[in-house]
2 protein chains.
Amino acid sequence: MMPKYVFRTITATEMRSVNRSAVLDYIRRNSPAARSMMAHDLKLSLPTVMRIVDELIEKGWVRPTGVKEWSGSRRRDLLEYHKDGHAVIGVDLGGTKMFGALANIGGEIISELTVNGHGTSGEASYAMLVEIVEKLCAAPRARGQKIRGIAVGAPGVTRAPAGIVEWAPSLNWREYPLKEKLERQFRLPCVVDNDVNLAALGEQWFGAGDGASNIVLITLGTGVGAGLIIDGVLYRGHTESAGEVGLLLSNRAELDQQYDKFGALESIISGTGIAERARTCLAGSLPEDRLAQITAQDVFDAYRRGEAWSRAVVDETVDYLSIAIINISTLLDPELVILGGGVSESADVLLPRVQARIQNILPKTPTLKVSTLGRRATVMGAIAQVVHLTSDYYVARKLA
Amino acid sequence: MMPKYVFRTITATEMRSVNRSAVLDYIRRNSPAARSMMAHDLKLSLPTVMRIVDELIEKGWVRPTGVKEWSGSRRRDLLEYHKDGHAVIGVDLGGTKMFGALANIGGEIISELTVNGHGTSGEASYAMLVEIVEKLCAAPRARGQKIRGIAVGAPGVTRAPAGIVEWAPSLNWREYPLKEKLERQFRLPCVVDNDVNLAALGEQWFGAGDGASNIVLITLGTGVGAGLIIDGVLYRGHTESAGEVGLLLSNRAELDQQYDKFGALESIISGTGIAERARTCLAGSLPEDRLAQITAQDVFDAYRRGEAWSRAVVDETVDYLSIAIINISTLLDPELVILGGGVSESADVLLPRVQARIQNILPKTPTLKVSTLGRRATVMGAIAQVVHLTSDYYVARKLA
DNA sequence: TACTATTACTTACACGATGTAATTATACGG
DNA sequence: CCGTATAATTACATCGTGTAAGTAATAGTA
């Protein structure tokens with residue numbers, strides 16, 4: 001019988017990794033930071049902070065600012081996150097578009113590349129991904145940073161530790177060993193993860209996350225998905241499909257239906273679903289070809305202009321999005337709910353109304369924000385994951 | 001400005017705690033266990049395992065079995081979780097009943113005590129809790145174990161680290177510093193937590209949890225609640241109100257209602273809600289006083305006897321419970337969903353039908369089980385928390 | 001300009017933890 | 001009874017943190 005055990009052990013070197021991770025995280029979030037301040041806040045002795053900082057400087061994660069800070073007498077030497085210490089490649093592998101970026105570890109994009117409507121699948125998609133990465137590798141890097149790793153967000157179920165894409169319908173990939181292939185091709189550390197998971201990490205590190213430990217990112221685009229940051233750490237679920245909120249049910253009748261490609265909630269509040277409902281409303285009053293071109297964006301524009309037909313569509317979207325957020329918040333009690341994806345560009349219409357509905361029901365309302373990274377969220381999360389991977393990120397917690 | 005940082009640091013002693021926790025957890029789940037086996041599985045050197053085991057034996061958490069195991073040549077000395085090494089007091093503080101138990105750390109009850117319909121609130125409730133604890137302290141302990149701590153599960157929102165009951169309507173406690181009061185009174189380490197959270201931990205340690213790292217416990221009783229174990233660790237949420245699933249919404253109309261005491265889902269699938277609906281069905285066909293006595297149990301009994309009226313009530317319960325489980329699983333992707341609370345005694349009726357509904361919708365179905373601890377779940381979780389607290393439980397994780 | 005007080009940093013060393021390797025103990029099987 | 005294999009023990013190297021004492025920097029002050 002296989003033994004059952006859940007918790008891992010650590011060595012002295014890993015203890016250092018835990019502490020190094022905490023210091024790096026502190027500096028990233030609080031640049032510029034002083035050693036003595038960190039020693040105080042992080043409850044480490046000054047010599048330990050010194051040693052860790054020396055290591056971080058040596059490895060290019062952190063650097064002295066040159067500036068010194070007055071705090072009573074001898075000035076503190078200030079340190080900052082060394083954004084340009086390393087370069088990283090992140091790719092958001094969409095079903096219809098691919099978006100790749102070469103960026104520094106501060107999340108500043110050096111060079112980016114979009115392929116719209118690539119229309120590929122299977123091996124052709126892989127070839128296109130390789131081409132994008134190659135171009136980004138070749139892009140000029142003013143400060144001469146080395147590329148430290150590649151992370152890819154895939155639209156579908158992934159098994160992140162193994163780096164396998166289990167099932168990505170739009171690319172027609174099944175059990176696709178993407179990480180292994182990329183590592184062999186580029187000889188760099190690679191991470192493969194779900195696109196929405198990475199987007200959530202991106203917002204935590206560089207976007208609307210703002211130091212919160214419990215974050216839900218809801219993306220409303222072609223489909224609907226959620227990324228969960230729980231107690232500071234990305235949560236993937238038992239079979240790595242946590243956050244597949246497209247399948248959420250909002251009424252009893254939905255129990256009797258079948259959902260092959262699109263889930264119940266997805267068919268209502270995704271961009272696709274919104275456009276679909278608009279077509280039903282406008283059927284007959286517009287020519288067929290115009291009807292086919294309607295997007296969610298058009299619906300919100302019409303709503304802003306006060307066109308009557310859009311009213312019901314937007315109302316329904318507001319209601320079902322509210323139900324989803326209420327149910328997610330009820331279950332998870334996050335500090336922050338971030339709205340992302342294409343539809344979030346219409347947040348001016350949605351957000352105030354959703355907020356009102358939520359406050360009406362929930363005793364404790366999470367903060368509701370719009371993604372600040374937009375379509376770059378996944379790529380930013382990719383950068384975060386490369387930092388996790390290459391800086392040996394460990395975290396420790398005490399229970400009870 | 002307050003610095004932002006999320007992750008803690010550890011010292012050499014805390015590294016030992018991480019490893020000690022892993023070893024203790026291994027032995028608890030795999031008694032009897034051999035040192036050399038643990039060294040292999042946990043990736044620790046044998047000397048380290050030896051030292052940790054010596055410490056655990058000395059402190060009474062573990063003991064040699066005396067039995068030896070053959071594995072090719074020299075026999076292994078087997079160790080087991082020392083159930084009787086310590087005694088612990090756990091109390092489930094219900095709104096109508098209080099249930100306290102003196103148990104060993106293996107979750108075996110030495111002495112238990114129920115007070116039904118105590119009808120107290122405020123300071124009187126505290127006095128009754130103290131009386132229960134005192135009686136349990138005085139109960140004979142054959143093996144002479146010392147009581148190591150007290151944990152209390154409260155029916156309401158708690159702030160567990162501080163041990164404050166924020167709001168428990170049935171006891172009329174607000175911002176009640178329970179932990180502080182108990183520690184002063186009994187001079188023992190005390191833990192205060194939400195009753196459902198503790199029940200989830202109880203099932204993880206001693207019940208249906210079975211080594212799973214991602215568990216959702218749904219309790220259906222007077223109200224409805226959920227306890228979440230995420231990546232092996234109890235998750236409480238940003239304001240410690242994760243899992244308050246009584247408020248889950250199942251249709252659009254519910255958005256416009258007000259929920260003061262009972263949430264939307266709660267008013268349908270809780271024991272109270274089931275009985276209430278049965279009363280509506282039977283109004284007129286039964287005398288008023290008989291009607292008032294109907295319980296959820298009666299409804300399920302009638303269903304088993306094939307009485308027509310009960311059909312609709314049970315169907316509705318099945319459907320809304322299914323929706324709740326589907327939505328929770330969609331979001332969290334747990335390995336295991338456990339049904340607990342009074343209504344779970346009718347799981348023979350509910351479970352097969354719920355299972356069928358779930359499988360129809362979800363691509364990946366979590367295992368569905370009935371609580372094996374029943375009304376003792378909270379108390380068992382209380383025991384687990386005392387072990388966490390008094391054995392200095394730490395866990396470490398690597399990201400990416 | 002020198003002295004003082006104060007805070008930042010450095011160094012030396014103690015301590016606590018893990019790991020490796022050599023040694024001893026135990027038990028089966030021929 | 002001995003050989004072999006595995007378990008447990010011991011001694012010691014290594015790696016990490018912490019404490020304490022010493023050095024450096026700097027504003028204020030005499």
Side-chain angles (χ1 to χ4, degrees), chain A residues 7-24 26-27 32-59 62-79 392 394 396 398, chain B residues 7-24 26-27 32-59 62-79 392 394 396 398:
Chain A
F7 299 116
R8 59 165 299 145
T9 55
I10 56 175
T11 62
T13 312
E14 286 162 334
M15 161 170 71
R16 160 59 63 97
S17 293
V18 170
N19 293 343
R20 186 183 346 93
S21 303
V23 170
L24 180 55
Y26 187 105
I27 296 176
R35 285 170 249 249
S36 51
M37 192 71 195
M38 286 194 282
H40 174 265
D41 289 342
L42 293 172
K43 287 165 195 159
L44 286 173
S45 68
L46 231 165
T48 298
V49 172
M50 304 291 305
R51 290 184 283 247
I52 289 175
V53 165
D54 288 349
E55 186 188 336
L56 288 172
I57 290 174
E58 200 241 329
K59 292 196 176 142
V62 160
R63 72 173 160 191
T65 56
V67 180
K68 293 181 179 218
E69 182 191 46
W70 165 239
S71 69
S73 94
R74 177 171 175 173
R75 283 158 174 260
R76 292 166 164 174
D77 215 23
L78 292 179
L79 303 160
D392 252 318
Y394 280 77
K398 185 179 192 322
Chain B
F7 299 117
R8 59 165 300 147
T9 54
I10 55 175
T11 62
T13 312
E14 286 161 335
M15 161 170 71
R16 160 60 64 97
S17 293
V18 169
N19 293 342
R20 185 180 351 90
S21 303
V23 170
L24 180 56
Y26 186 107
I27 296 176
R35 285 169 250 249
S36 51
M37 191 71 195
M38 286 193 282
H40 173 265
D41 290 343
L42 293 173
K43 287 165 195 160
L44 286 173
S45 67
L46 231 165
T48 298
V49 173
M50 303 292 304
R51 290 184 282 247
I52 288 175
V53 165
D54 288 348
E55 186 188 337
L56 288 172
I57 290 174
E58 200 240 330
K59 291 195 177 146
V62 160
R63 72 173 160 194
T65 57
V67 181
K68 290 174 182 228
E69 182 191 46
W70 193 78
S71 68
S73 93
R74 175 173 177 174
R75 284 160 170 259
R76 292 166 165 174
D77 213 25
L78 292 179
L79 302 160
D392 252 318
Y394 279 77
K398 186 179 191 322

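Sequence lines set the chain letters: A, B, ... in the order given, protein chains first and strands last, and positions in each chain run from 1.
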Q. For the atom pair OG1 (A:Thr9) and CZ (B:Arg16), what is the distance rounded to the nearest 0.5 Å?
A. 12.0 Å

**Q.** Steps toward side chain to side chain contact (heavy atoms under 4.5 Å, CB included) verdict (A:Val18, B:Glu14)
**A.** CA-CA 11 Å; A:Val18 170; B:Glu14 286 161 335; over 6 Å; no

Every protein N/O within reach of nucleotides 17-20 of chain C N/O, cut-off under 3.5 Å:
unit_1, atom_1, unit_2, atom_2, d
C:dT18, OP1, B:Asn19, ND2, 3.1
C:dT18, OP2, B:Arg16, NE, 3.4
C:dT18, OP2, B:Arg16, NH2, 2.7
C:dG19, OP2, B:Ser45, N, 3.0
C:dG19, OP2, B:Ser45, OG, 3.1
C:dG19, OP2, B:Thr48, OG1, 3.1
C:dG19, N7, B:Arg51, NH2, 3.2

Q | Trace of the side chain to side chain contact (heavy atoms under 4.5 Å, CB included) decision for B:Ile52 with B:Met38 | A | CA-CA 11 Å; B:Ile52 288 175; B:Met38 286 193 282; over 6 Å; no

Is there any protein nitrogen or oxygen under 3.5 Å from a nitrogen or oxygen in nucleotides 4-6 of chain C, and what are the pairs?
unit_1, atom_1, unit_2, atom_2, d
C:dT6, O2, A:Ser73, OG, 2.2

Q: With sequence neighbours excluded, tell me which residues meet side-chain contact (heavy atoms from CB on, under 4.5 Å) with B:Thr65.
A: B:Pro32, B:Val67, B:Leu78, B:Glu80

Q) Is the shortest side-chain N/O distance from A:Arg76 to OP1 or OP2 of C:dA8 below 4.0 Å? A) yes

Q | Shortest non-hydrogen separation from A:Ser36 to A:Arg76 and the atoms involved | A | OG-NE, 3.1 Å

Q.
Counting only heavy atoms and a strict 4.0 angstrom limit, can you tell me which residues of residues 32-40 of chain A come near DNA chain C?
A. A:Arg35, A:Ser36

Q) Shortest non-hydrogen contact from B:Pro64 to B:Leu79? A) CA-CD2, 3.9 Å

Q.
Go through it in stages, so that I can follow the logic: the residues are A:Val49 and A:Leu42, the test is side chain to side chain contact (heavy atoms under 4.5 Å, CB included), and I'd like the CA-CA distance, side-chain angles, deciding distance and then a yes or no.
A. CA-CA 9 Å; A:Val49 172; A:Leu42 293 172; 5.9 Å; no

(Q) So, using ring-ring contact (aromatic ring centres under 6.0 Å, His included) as the criterion, who are the partners of B:Tyr26 when residues are at least two apart? (A) A:Tyr5

Q | Audit row: A:Val23, A:Thr48, side chain to side chain contact (heavy atoms under 4.5 Å, CB included) steps and yes/no | A | CA-CA 10 Å; A:Val23 170; A:Thr48 298; over 6 Å; no

Q.
Please report the distance, rounded to the nearest Å, between CE in A:Met50 and C1' in C:dC9.
A. 5 Å

Q: Estimate the overall bend of the helix from C:dT1-D:dA30 to C:dG30-D:dC1 from the end axes over five pairs each, rounded to 10 degrees.
A: 20°

Q | Shortest non-hydrogen contact between B:Ile10 and A:Asn19, atoms and distance | A | N-OD1, 2.8 Å

(Q) How close do A:Ala39 and A:Ser45 get, counting heavy atoms only, and between which atoms? (A) CB-C, 4.2 Å

Q. So, for A:Arg63 and A:Ile57, which heavy atoms are closest and what is the spacing to 0.1 Å?
A. CA-CG1, 4.4 Å

(Q) I need the minimum non-hydrogen distance between B:Tyr394 and B:Ser21, along with the two atoms involved. (A) N-OG, 3.0 Å

